[in-house]
Asker: 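Submitted below is the structure of interest, expressed as structure tokens.
In what follows, residues are counted from 1 in the order of the sequence shown.
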Amino acid sequence: MTSLDKPGAAAGPRPGRPRRRRVGAGSRRGVPLPLLLPGLLALAFLLLPLLALLLRAPWRALPRQLGSTEVWQALQLSLISATAATAVSLVLGVPLAWLLARTEFPGRGLVRALVTLPLVLPPVVGGVALLLALGRNGVVGQWLDAWFGITLPFTTTGVVIAEAFVAMPFLVISVEGTLRAADPRYEEAATTLGASRFTAFRRVTLPLIAPGIAAGAVLAWARALGEFGATITFAGNFPGRTQTMPLSVYLALQNDPEAAIALSLVLLTVSIAVLAALRDRWMTTP
């Protein structure tokens, strides 16, 4: 029996191959104090308002608050308008993301910057811009009113438009990033086999980028649900017609703080649900 045949002979390290150092909990010890204290302060700064909301919530009166007609009207309108705004974002945003990711045209960088502008634009400014564009005397709205009798501001449709305006960039960014990460050779192979570009997009690309579309749709829906500034500027605050949950929170905070807290808890629950839905995409560590 040779030394190689002896039990346990292969247990030692093999020559010529460096041993991989395992990164464990021990490597995280000794956190510098100048980094630990600001990090803990930042954590407290972000969590303290949410904790205060939970501590001051009128839990006993919560069923009564959430059962009122005004709350249910605002909740129903918010869910319907956010879903409709997400559908608009999907129909228009996915093709736009494909154009930005798969085609070359002059000024593409400028177009991408303009698409993402609503992310940094103050929502109230977005509402004013929508009024100037789609209002009764707006650049396009005056023709809609004169030719078709369509008036968009201060209507439920105006709520959907305002929410889609601020939510669509989230979908476009998510889908464009997924498209850039996907291998374009699958589409090229489909076109060489006789498929048109649209058929290749529908049968090959869409299944590949479905997770990115789903993540972008969830983000867009959550952003539309929490929209306030553009909605109140472009659509107003009319109960049962344009008063969404954020607007109802703002109004209830002046007259009925307990109802404002109850509505805030609903929005907080929705936000937590969105984070849970996106956990596998953004909240996991390699």
Side-chain angles (χ1 to χ4, degrees), residues 79-121 126 130 133-134 139-140 143-144 147-148 150 152 156-225 227 230 273-284 286:
L79 295 177
I80 293 175
S81 59
T83 304
T86 305
V88 173
S89 300
L90 285 170
V91 173
L92 302 178
V94 173
L96 176 59
W98 186 88
L99 291 175
L100 293 176
R102 288 287 191 264
T103 60
E104 295 284 348
F105 56 89
R108 186 176 65 169
L110 178 60
V111 172
R112 182 180 292 110
L114 293 176
V115 168
T116 57
L117 186 60
L119 295 177
V120 297
L121 193 69
L130 288 173
L134 302 176
V139 177
V140 178
W143 304 112
L144 292 177
W147 293 350
F148 306 102
I150 298 177
L152 296 176
T156 305
T157 305
V159 175
V160 176
I161 293 175
E163 292 179 351
F165 177 77
V166 299
M168 190 182 301
F170 289 89
L171 176 74
V172 173
I173 290 176
S174 178
V175 176
E176 184 188 359
T178 306
L179 280 167
R180 290 183 177 277
D183 194 345
R185 291 179 295 180
Y186 293 106
E187 296 180 37
E188 297 173 359
T191 55
T192 57
L193 294 176
S196 63
R197 294 297 298 271
F198 179 72
T199 301
F201 170 78
R202 181 171 54 89
R203 301 293 296 272
V204 178
T205 307
L206 278 182
L208 287 176
I209 65 173
I213 294 177
V218 171
L219 276 180
W221 187 82
R223 180 64 184 88
L225 187 68
E227 168 53 31
V274 170
L275 289 178
L278 298 177
R279 178 183 59 187
D280 294 335
R281 181 173 178 85
W282 288 332
M283 299 182 63
T284 54

Asker: Of the options Val115, Leu121, Thr116, Leu117, which is the one that meets Leu119 in a side chain to side chain contact (heavy atoms under 4.5 Å, CB included)?
Answerer: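 With Leu119 as partner, Val115, Leu121, Thr116, Leu117 yield a single side chain to side chain contact (heavy atoms under 4.5 Å, CB included), made by Thr116.
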Asker: Within a 6.0 Å radius of atom CZ on Arg203, are there more than 12 heavy atoms belonging to other residues, nucleotides or ligands?
Answerer: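 No, CZ of Arg203 has 12 or fewer neighbouring heavy atoms, counting only those of other groups under 6.0 Å.
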Asker: Can you name the closest pair of heavy atoms from Thr103 and Arg108 and give their distance?
Answerer: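 Shortest heavy-atom separation between Thr103 and Arg108 comes out as O-NH1, 2.8 Å.
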Asker: So which atom in Ala217 and which in Thr86 form the shortest heavy-atom distance, rounded to 0.1 Å?
Answerer: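 Heavy atoms of Ala217 and Thr86 come nearest at O-CG2, 3.6 Å.
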Asker: Hey, does Leu79 have a side-chain heavy atom less than 4.5 Å from the side chain of Trp221?
Answerer: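 Yes. Closest side-chain heavy atoms under 4.5 Å.
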Asker: Which value, rounded to the nearest 0.5 Å, describes the distance between Phe201 atom CZ and Leu208 atom CG?
Answerer: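 Between Phe201 CZ and Leu208 CG, I get 11.0 Å after rounding to 0.5 Å.
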Asker: Would you indicate whether the side-chain heavy atoms of Ile213 and Thr178 approach each other to under 4.5 Å?
Answerer: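 Of all side-chain heavy-atom pairs linking Ile213 with Thr178, none is under 4.5 Å.
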Asker: Where do Leu179 and Trp98 come nearest, in terms of heavy atoms and distance?
Answerer: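 Shortest heavy-atom separation between Leu179 and Trp98 comes out as CD1-CA, 3.4 Å.
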Asker: Which atom pairs, one a donor and one an acceptor, fall under 3.5 Å between side chains of residues 160-171 and the rest of the protein, sequence neighbours left out?
Answerer:
| from | atom 1 | to | atom 2 | distance (Å) |
| --- | --- | --- | --- | --- |
| Glu163 | OE1 | Ser81 | OG | 3.3 |
| Glu163 | OE1 | Ala82 | N | 3.3 |
| Glu163 | OE2 | Ser81 | OG | 3.3 |

Asker: Calculate, to the nearest 0.5 Å, the distance between atoms CD1 and CZ belonging to Ile173 and Arg112 respectively.
Answerer: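 Taking CD1 in Ile173 and CZ in Arg112, the distance rounds to 10.0 Å.
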